[in-house]
Colleague: 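One structure follows; several queries about it will come next.
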There are 2 protein chains.
Amino acid sequence: MDKKLLEEINHLHAQVCGGLSDPKRIAMLYALAEGPKSVMELAETLAAPQPTISRHLKILRERGMVIAKREGANIIYTLGDKRIIRALDLLREVLADHLNKRSALAEAIA
Amino acid sequence: MDKKLLEEINHLHAQVCGGLSDPKRIAMLYALAEGPKSVMELAETLAAPQPTISRHLKILRERGMVIAKREGANIIYTLGDKRIIRALDLLREVLADHLNKRSALAEAIA
DNA sequence: TATACATATTCGCATTTGCGAATATATCAA
DNA sequence: TTGATATATTCGCAAATGCGAATATGTATA
């Protein structure tokens, strides 16, 4: 594959990963993993103002990570791909292992 | 679990994900998936200046995503956890599917 | 010790990101 | 049409991020 093309792919890849690099978006994706939700429901679940939720949803939408469907006055959001949750779970395991190693080190010193 | 604690975990989770949200870091992680490499080797592989590589390595190191080991004058970096690559692969699949849907739509219009 | 080589860090700067507040748009119901 | 409700967007700003250039640190070797 072309060098330039590879860089472009990594750029898009990074954008998808960037969709996960915010605590609220992570919480939103896990919430949607439980089932479709309206913007208001998400705002309630996350205890965050509606405009904030909408802005984050836009970011996820642009990356195909959530899907919007209008239902009357509401807009129902659905998780775009279950593999997103699998990736999140894997990375949470990585985090857990790292924290365990760190705290094991800390105890060894004390 | 406590609300505040959950937020703190999501924050750390987001930091790990943030480690993936840069094209160069993605390229570096895939390069390290092939085997351990020194900073210079990484700089060559990515065709990027050494200080840039070192700065990105610091970010990955802080998140436990790579491990540094000194060998004489060199410092050899190793992938910290293979699950990172699995997560990256999953997200690349998500990207591919999204792009396919998009281009299918584009063709349907044309 | 002096010199070369490998890696890390700092600085100044431009870009991006997330947020609150305010406002716009869309849909339904009376 | 008017009002109420749900969602999206814009604006100004503060904080975070990435980068090139320069410099510092650490290690081996002569």
Colleague: What about B/Q50: does its side chain form a donor-acceptor pair under 3.5 Å with the base of C/dA6?
Modeller: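 Between C/dA6 and B/Q50, which were checked side chain against base, a qualifying N/O pair under 3.5 Å is absent.
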
Colleague: If the cut-off is 4.0 Å, is B/Y77 near the phosphate of C/dA8, judged by side-chain N/O to OP1 or OP2?
Modeller: yes

Colleague: Under 4.0 angstrom, heavy atoms only, what part of the nucleic acid is A/T52 near: base, sugar-phosphate, or nothing?
Modeller: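 Sugar-phosphate contact only - A/T52 comes under 4.0 Å of backbone atoms but never of a base.
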
Colleague: Heavy-atom nearest nucleotide on DNA chain C for A/K24 versus A/P51: which residue maps closer to 5'?
Modeller: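 Its nearest nucleotide being more 5', the pick is A/K24.
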
Colleague: Taking atom C1' of C/dT27 as reference, at what distance in whole Å does atom CE of A/M40 sit?
Modeller: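 Taking CE of A/M40 and C1' of C/dT27, I get 15 Å after rounding.
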
Colleague: To the nearest Å, how far apart are A/L60 CG and D/dA8 C1'?
Modeller: 15 Å

Colleague: Indicate whether any N or O donor in one side chain lies under 3.5 Å from an N or O acceptor in the other, for A/R25 and B/N10.
Modeller: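 No donor-acceptor contact under 3.5 Å links the two side chains.
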
Colleague: Please report, rounded to the nearest Å, how far the C1' atom of C/dA8 is from the NZ atom of B/K69.
Modeller: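 To the nearest whole Å, that distance equals 20 Å.
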
Colleague: Which whole-number value in Å describes the distance from B/R25 CZ to D/dC19 P?
Modeller: 8 Å

Colleague: Quick one: is C/dT17 close enough that its OP1 or OP2 comes under 4.0 Å of any side-chain N or O from A/H56?
Modeller: no

Colleague: Between atom CD in B/E71 and atom P in C/dT7, what is the gap in whole Å?
Modeller: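 Spelled out: CD on B/E71 to P on C/dT7 is 11 Å.
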
Colleague: State whether the number of non-hydrogen atoms from other residues, nucleotides or ligands found under 6.0 Å of A/R61 atom CZ is greater than 12.
Modeller: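 More than 12 within 6.0 Å, yes.
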
Colleague: NA contact type, A/I59, heavy-atom cut-off 4.0 Å: base, sugar-phosphate, or nothing?
Modeller: sugar-phosphate

Colleague: Name the nucleic acid region contacted by B/R70, choosing base, sugar-phosphate or nothing; use a 4.0 angstrom heavy-atom cut-off, strictly under.
Modeller: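 Touches sugar-phosphate only.
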
Colleague: Between P on D/dT29 and CG on B/N74, what's the gap in Å once rounded to a whole number?
Modeller: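 In whole Å, D/dT29 P and B/N74 CG are 11 Å from each other.
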
Colleague: Can you measure from CE (B/M65) to CD1 (B/I84) and round to the nearest 0.5 angstrom?
Modeller: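 Here the rounded value is 4.5 Å.
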
Colleague: Do A/R55 side-chain and C/dG20 base share a donor-acceptor contact under 3.5 Å?
Modeller: yes

Colleague: Whole angstrom is fine here: how far is it from CG in A/D22 over to P in D/dA15?
Modeller: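 So the CG-P distance, A/D22 to D/dA15, works out to 17 Å.
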
Colleague: What is the distance from CD1 of B/I75 to P of D/dG26, rounded to the nearest Å?
Modeller: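 These atoms are roughly 11 Å apart.
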
